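As structure tokens, the structure follows; a few thoughts come after it.
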2 protein chains.
Amino acid sequence: MVLRIKDTDRIRDLAFFRTASDEIFDEAVSGAFLQRFPAGTTLLMEGDTVDFLYVLLDGAVELGAGWKSRDSTLAILKPVSTFILAAVVLDSDALMSAVTLERSELLMIPGESLRRAMKSDPAFGFAVSQELAGCYRGLVRSIKNHKLRDSTERLANYLLTQRARQGGNDTITLPHEKRVLASLLGMTPENLSRAFSKLSAQGVAVDGAKVRFDKVQALERYARPSPLIDNHFPQGESQLGKAHTERQQGVLDAL
Amino acid sequence: MVLRIKDTDRIRDLAFFRTASDEIFDEAVSGAFLQRFPAGTTLLMEGDTVDFLYVLLDGAVELGAGWKSRDSTLAILKPVSTFILAAVVLDSDALMSAVTLERSELLMIPGESLRRAMKSDPAFGFAVSQELAGCYRGLVRSIKNHKLRDSTERLANYLLTQRARQGGNDTITLPHEKRVLASLLGMTPENLSRAFSKLSAQGVAVDGAKVRFDKVQALERYARPSPLIDNHFPQGESQLGKAHTERQQGVLDAL
DNA sequence: AGCGTAGCTTGATTAATGTCAAGGCGACGA
DNA sequence: TCGTCGCCTTGACATTAATCAAGCTACGCT
């Protein structure tokens, strides 16, 4: 499948492509192609050699890992996000598996093209460094979230983050099934239910995928969100429209 | 304090400096200075603005984070390691605190110099990207270690990693106090003790900081180390002598 | 409408980990 | 030599989360 003009436009606005010249951009995405996958498709297994940088344009992708019969969700990506950038830069194997949660549309950029562009244009290389640094910091936040908070606190902060991202209203819609959310928050579906019950004391009312906040202040007092862990950017813009300051990109949903 | 010739030599061999030309190297470290700190010095608090890339030349540094009266060790660095590279690249604030565990010697490189060098030389920029990508992957490993293994399994794998790094003999010396080790492994000192007791069934015998392995096979069967989580590079070389393939750098000890 | 299934919830139980309290052991100094 | 202090260990207990087992509910299907 050949890449059409309009396909590249959809990623031209990504943080680390935005500043690149047209020449460098063309070099970086040369050989890229667009592909659609049904829900539940395994794009990549941990340990696989990584030949492409993936860009999720539509749908949702879960990054996970397993060991000894256990497995865990590390992040859930929404458009527009790149993933396995680190493995591409190092031309190394994947440390995480990637599975589509919904029917998804992905742009696959040959790793070799990307690396070549990085080596030929310092500005582009720097932009990729910034992207990587942002991903790194997202992971640091994720680790802090898990090591410093118990499951109910993680849920409370997740809800506040969603609220901020969905416009700060008193009602939000959970973007995933509850069992997926549970895995993302590092708990079982059973415990997620119980955590929601506990938060009813803070005015959290759940009805299906809708969550209503009746006592936001009480919830905030309980959750104690921190700019050093959570990513409350107080702006209602689209994901695409962000400046190329620190982006949470992939790991964004993992908080 | 002015940087002397021999001081720069000590970092010239760092993964992302080794490939740089002398000119770029000089540009990157311009304005750098060397400083000694006693044990227990706070070099950086989370939230602080980061002006320097730190390079630990001697001693030991703990990276940690806190929230709501809890706090946690994220990594313990040994020479030669850089830290807070991501914050420097983004010219952003620190997400972790850094405290010296011992009397330590640090080289502090102005962030501005580093960023300028990255922007002027694509090869150097690429090398920094590789370093960042390695750090990222180290964190992914750390998250997997914590989410997929219980505390005893983490200890067992830590011991095997140390064994590999200390030459594969049947006896190792723990590099840190046990309470520091406990924090690093994400558990309390009490539980570390109990985890050691459990591992006696796998032939682990502890005497102070010395640990003897009487049944390595049994331990390996229990720990099930994985190249996708642990960093068992089967080579007895010095940390400095590594090729600039993926380095674990800072996060190395966090496994 | 009648059923079946998937996802969610609830309760009871077990496992893992943290907390509190007490005691041992060794290093160091008076 | 004897305290003393820090670190480690051990035991009893509390808290947190995972597991197991029903049941519930909404939705799709025939």
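Predicted model, so just to flag it, every value in this text is computed and none were measured. Every chain is numbered from 1 and lettered A, B, ... according to where its sequence line falls, protein lines coming before strand lines.
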Short side-chain N/O contact to [N] OP1/OP2 from [X], under 4.0 Å:
| X | N | value |
| --- | --- | --- |
| B:S193 | D:dC8 | no |
| A:N191 | D:dA18 | yes |
| B:S197 | D:dT9 | no |

Counting side-chain heavy atoms from CB outward, which of [options] is closest to [X]?
| X | options | result |
| --- | --- | --- |
| A:R179 | C:dG18, D:dA18, C:dG7 | C:dG7 |
| A:T188 | D:dA18, C:dA16, C:dG7 | D:dA18 |
| A:D150 | D:dT16, C:dC8, C:dT17 | D:dT16 |

Provide, to the nearest angstrom, the distance between the [atom1] atom belonging to [X] and the [atom2] atom belonging to [N].
| X | N | atom1 | atom2 | value |
| --- | --- | --- | --- | --- |
| A:H176 | C:dC8 | NE2 | P | 13 Å |
| A:K147 | C:dG18 | NZ | C1' | 15 Å |
| A:L185 | D:dT16 | CG | P | 17 Å |
| B:E153 | C:dA16 | CD | C1' | 12 Å |
| A:K198 | C:dT9 | NZ | P | 15 Å |
| B:M187 | C:dA15 | CE | P | 19 Å |
| B:F196 | D:dT10 | CZ | P | 12 Å |
| A:H146 | C:dT17 | NE2 | P | 16 Å |

Contact check, side chains of A:L106 and A:Q35, non-hydrogen atoms, under 4.5 Å: no
Sugar-phosphate only, base, or nothing, as touched by B:S151 at under 4.0 Å among non-hydrogen atoms: sugar-phosphate
Presence of donor-acceptor pair under 3.5 Å, side chain of B:E190 and base of C:dC20: yes
Distance-only donor-acceptor test (3.5 Å): side chain B:R194, base D:dG11: yes
B:R103 atom CZ, over 12 foreign heavy atoms within 6.0 Å: no
Greater than 12 external heavy atoms within 6.0 Å of B:R212's CZ: no
Under 3.5 Å: donor-acceptor pair, side chain of A:N157, backbone of A:A223: yes
Salt bridge A:R137-B:D93, side-chain N to carboxylate O under 4.0 Å: yes
